[in-house]
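Everything on this sheet refers to the single structure shown next.
What you are looking at is a predicted structure, and each value in this text was computed from that prediction instead of being measured.
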Amino acid sequence: MSSQFKLMGERRFRPFFLTQFLGAFNDNVYKNALVVLITFQAARYTTLAPGVLVNLAAGIFILPFFLFSATAGQLADKYEKSRLIRLTKIMEIGVMGLGTLAFALDSLVLMFSALFLMGTQSSIFGPVKYAILPVHLREDELVGGNALVESGTFVAILVGTIAGGVTIALPGGAMWVSAAVLAVAVLGYLASRGIPAAPAADPRLKINWNPLTETWRNIAFTRGNRTVFLSILGISWFWFYGALFLSQFPGYAKDVLGGDEHAVTLLLALFSVGIGVGSLLCEKLSGKHVEIGLVPFGSIGLSLFAFDLWWASPAAVHAGEALPLSTVLASPATWRALVDLVMIGVFGGFFIVPLYALVQARSEPGHRSRIIAGNNILNAAFMVVAAGLGAGLLAAGFTIPQLILITAVLNAAVALYIYTLVPEFLVRFIVWLLVHTVYRLRVKGVEHIPEEGPALLVANHVSFVDALVITAASRRPIRFVMDHHIFRWPILSFVFRSSRAIPIAPAKEDPQMMERAFEEVARALEAGELVGIFPEGRITDDGELKPFRPGIRRIVERTPVPVVPLALRGLWGSSFSRKDGPALSRPFRRGLFSRIELVGGAPFAPEAATPESLQAAVAGLRGEMR
């Protein structure tokens with residue numbers, strides 16, 4: 001069983017998951033019950049049109065995220081997190097009590113007041129929700145934990161939306177909805193009591209109660225780490241994309257597919273299931289680590305299947321009465337559209353889960369909650385813009401399929417822009433493709449590569465893609481020292497340059513380049529980075545390990561750091577090595593899906609890291625593979 005599902009059996013995760021699931025479910029039961037009520041019975045309360053009321057309700061719910069997220073981020077950093085979660089669940093019980101009173105008095109003002117307070121409660125819960133995961137989960141569990149949270153959230157949204165709409169339509173529906181939301185709020189509080197304590201990140205933090213100045217301060221925190229900030233922009237873009245899509249489901253079901261309200265539910269269900277499946281697949285595809293290479297993969301799918309959805313959609317608007325779901329499903333075009341929606345959801349999961357995990361993993365712990373609060377503020381802003389853009393384009397005469405096409409094109413443009421700003425995303429994608437298509441990588445002992453601080457990695461040199469394979473196995477970026485001819489390879493040059501590899505030449509060929517390389521290695525190690533070298537000095541031409549050159553001693557004498565030996569096997573004899581080597585490659589199948597291995601050994605202290613000792617260690621690791 002995958003470790004992400006094993007988390008459901010552990011106290012450090014299960015109570016939190018249930019608390020989050022029940023909260024998302026309850027929000028959507030109440031919201032959709034209110035939307036259905038004001039859509040079909042607006043005349044009982046006001047002269048405003050139902051469409052205006054529905055958009056007003058959406059605005060009222062999202063407004064607290066702008067007003068209170070900054071304060072919520074401070075609270076989540078200052079106070080113990082499990083206690084803060086329990087307080088938000090007590091608040092939820094009170095809010096649902098107000099909602100029950102609103103239904104009993106049939107008061108639209110109180111209903112909207114309860115909706116505003118529900119948004120307030122959610123805005124307070126948001127920062128602590130994501131900030132608590134890195135406290136209770138290891139790095140190799142973050143992706144799986146986020147996958148469960150995201151898939152569970154979308155399932156809760158789906159089930160809650162359906163339950164709210166169905167329940168409010170029953171005789172005495174308001175009473176049944178009231179009973180349900182109160183009961184679920186109490187269950188959520190009981191679940192929260194099992195969440196283990198999570199210490200405060202910054203107990204001495206002084207709360208700034210001014211939402212405007214603190215909002216700008218939170219945004220500034222998100223900009224402290226460029227990769228984190230651009231990841232947050234990526235997350236916000238996903239919510240823009242999702243909000244634009246979700247808001248078109250009713251119109252797409254009615255005007256494009258010709259269906260009724262059951263068709264709308266089907267579209268929402270398939271989209272939610274797709275995101276859940278994509279989220280859960282992330283752990284397997286990423287090897288249980290934060291693999292941002294999945295993000296470009298996800299963005300490609302988001303545009304590709306949105307484009308196909310536009311292409312498959314009928315050009316003519318459906319006229320006449322709504323068709324039953326069975327008739328709608330009889331059309332092949334419908335099935336193609338449904339497959340596209342599922343795949344958009346799947347690739348959405350690939351896109352969003354690694355980004356959330358990356359933000360959690362790379363945020364400064366002392367103000368992680370405030371960074372997540374800033375993320376929530378930007379998410380809300382992007383969703384508001386998406387709603388405005390969708391309404392504006394439709395008002396201007398665009399059709400829903402044309403709106404879908406615009407979304408696909410915008411997504412491709414935004415993705416290219418982000419990957420241009422942060423090549424690490426694209427580099428990791430290329431590396432991820434390499435070890436999931438051309439090769440099948442098996443790793444052992446990579447835990448010897450330190451999680452933080454400088455280290456020198458030394459490995460045998462078997463092929464032109466050795467650096468990429470080691471990069472795929474490492475949780476941290478590595479700056480490789482490599483032959484300047486390989487560094488300039490037309491196909492791989494972009495990857496090497498983007499990963500800040502260090503080109504080197506032999507002293508007899510270009511002594512100045514060699515000296516510059518050693519200077520850059522020293523600067524990188526002094527800055528706390530990982531540096532990788534291939535001390536044989538060239539790719540093996542017979543598959544055998546060659547003597548290690550003395551450059552290792554020069555590096556560690558100038559900058560004493562731990563030295564980690566690594567051994568590669570299975571690449572010799574592949575299309576990326578110099579020659580075919582059947583004897584050494586016999587256990588491995590060369591070509592597509594070849595099996596390769598990387599084994600790491602215990603670090604050497606700087607004073608013990610001689611060329612001879614490291615060569616013996618790598619030779620031993622190679623033998624261990626056999």
Side-chain angles (χ1 to χ4, degrees), residues 7-27 64-65 67-98 114 117-138 141-142 145-146 148-149 152-153 156 181-209 211 214 217-218 221 356 359-361 363-377:
L7 288 173
M8 293 297 293
E10 298 190 22
R11 183 173 175 266
R12 60 196 174 102
F13 181 80
R14 184 182 63 250
F16 166 76
F17 176 86
L18 292 174
T19 302
Q20 152 66 16
F21 182 92
L22 292 169
F25 172 82
N26 221 19
D27 284 353
F65 286 88
L67 297 178
F68 306 124
S69 287
T71 302
Q74 295 178 89
L75 294 174
D77 276 336
K78 182 176 178 62
Y79 297 108
E80 195 274 313
K81 294 176 178 59
S82 66
R83 182 169 177 266
L84 187 59
I85 289 176
R86 285 190 284 274
L87 290 174
T88 64
K89 301 314 288 185
I90 292 173
M91 180 181 177
E92 181 182 338
I93 295 173
V95 171
M96 292 310 175
L98 178 62
L117 291 174
M118 185 190 303
T120 301
Q121 185 265 339
S122 296
S123 70
I124 295 173
F125 182 65
V128 70
K129 174 177 77 172
Y130 285 109
I132 199 172
L133 283 176
V135 177
H136 289 152
L137 301 184
R138 300 189 305 270
E141 296 173 327
L142 264 184
N146 275 281
L148 287 170
V149 170
T153 298
V181 295
L182 272 175
V184 173
V186 171
L187 287 174
Y189 170 72
L190 294 176
S192 72
R193 292 183 63 84
I195 299 174
D202 187 2
R204 293 175 292 181
L205 175 67
K206 184 177 180 181
I207 302 294
N208 175 14
W209 296 102
E214 189 60 28
R217 190 177 177 214
N218 278 201
F221 277 131
Y356 269 120
V359 170
Q360 292 165 356
S363 294
E364 178 64 35
H367 46 252
R368 180 184 286 134
S369 297
R370 281 167 284 173
I371 290 175
I372 294 170
N375 169 68
N376 291 345
I377 294 167

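Although no hydrogens or angles enter the test, the distance criterion places no donor-acceptor pair under 3.5 Å between the side chain of Gln121 and the main chain of Ser123. Arg12 contributes no side-chain N or O that, together with a main-chain N or O of Pro196, makes up a donor-acceptor pair within less than 3.5 Å. Between the side chain of Asn26 and the backbone N or O of Val181, at least one donor-acceptor pair lies under 3.5 Å. Put simply, the side chain of Glu80 never gets that close to the backbone of Pro199: no donor and acceptor are under 3.5 Å apart. In terms of modelled atom types and a separation under 3.5 Å, the side chain of Lys78 and the main chain of Leu205 share a donor-acceptor contact. At least one donor-acceptor pair closer than 3.5 Å links the side chain of His136 to the backbone N or O of Ala197. Thr19 places a side-chain N or O within 3.5 Å of a backbone atom of Ser192 that can act as its donor or acceptor partner.
In this structure, Ala72 and Pro127 approach most closely via the heavy-atom pair CB-CG, 3.9 Å. When every heavy atom of Val135 is checked against every heavy atom of Ala198, the shortest pair comes out as CG1-CB, 3.8 Å. The minimum heavy-atom distance linking Ile195 with Pro15 is given by the pair N-CB, 3.7 Å. Taking all atoms of both residues into account, the shortest heavy-atom contact from Gly97 to Leu182 is N-CD2, 3.7 Å. Shown here for Ile377 and Ala70, the closest heavy-atom pair between the two residues is CD1-N, 4.1 Å.
To the nearest 0.5 Å, atom CG of residue Leu22 and atom CZ of residue Phe17 are 9.5 Å apart. Atom-to-atom distance recorded for Gln20:CD and Ile85:CD1 is 9.5 Å, nearest 0.5 angstrom. If you take CG on Leu190 and CG on Leu18, they are separated by 11.0 Å, rounding to the nearest 0.5 Å. Note: Ile93 CD1 to Leu98 CG = 14.0 Å, rounded to the nearest 0.5 Å. Considering CG of Leu84 and CG of Leu75, their distance stands at 6.0 Å, rounded to 0.5 Å.
Judged by distance alone, the side chains of Arg193 and Tyr189 do bring a donor and an acceptor atom under 3.5 Å apart.
Looking at heavy atoms from C-beta onward, Leu87 lies out of side-chain contact with Ile124 at the 4.5 angstrom threshold. Residues Leu133 and Phe13 have side chains in contact (heavy-atom distance under 4.5 Å, counting atoms from C-beta outward). Side-chain contact between Phe25 and Val184: present, with at least one pair of heavy atoms (C-beta onward) separated by less than 4.5 Å. Within the 4.5 Å cutoff, the side chain of Phe16 has heavy atoms near those of the Ile132 side chain.
Within a 6.0 Å radius of OH in Tyr79, no more than 12 heavy atoms belonging to other residues, nucleotides or ligands are found.
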Full working for side-chain contact (heavy atoms from CB on, under 4.5 Å) between Asn375 and Tyr356: CA-CA 10 Å; Asn375 169 68; Tyr356 269 120; 3.9 Å; yes
Any chance you could lay out the side-chain contact (heavy atoms from CB on, under 4.5 Å) test for Glu92 and Met118, step after step, and finish with the verdict? CA-CA 7 Å; Glu92 181 182 338; Met118 185 190 303; over 6 Å; no
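Both cation-pi conditions hold for Lys89 and Phe125: the charged atom is under 6.0 angstrom from the six-membered ring centre and inside a 45 degree cone around its axis.
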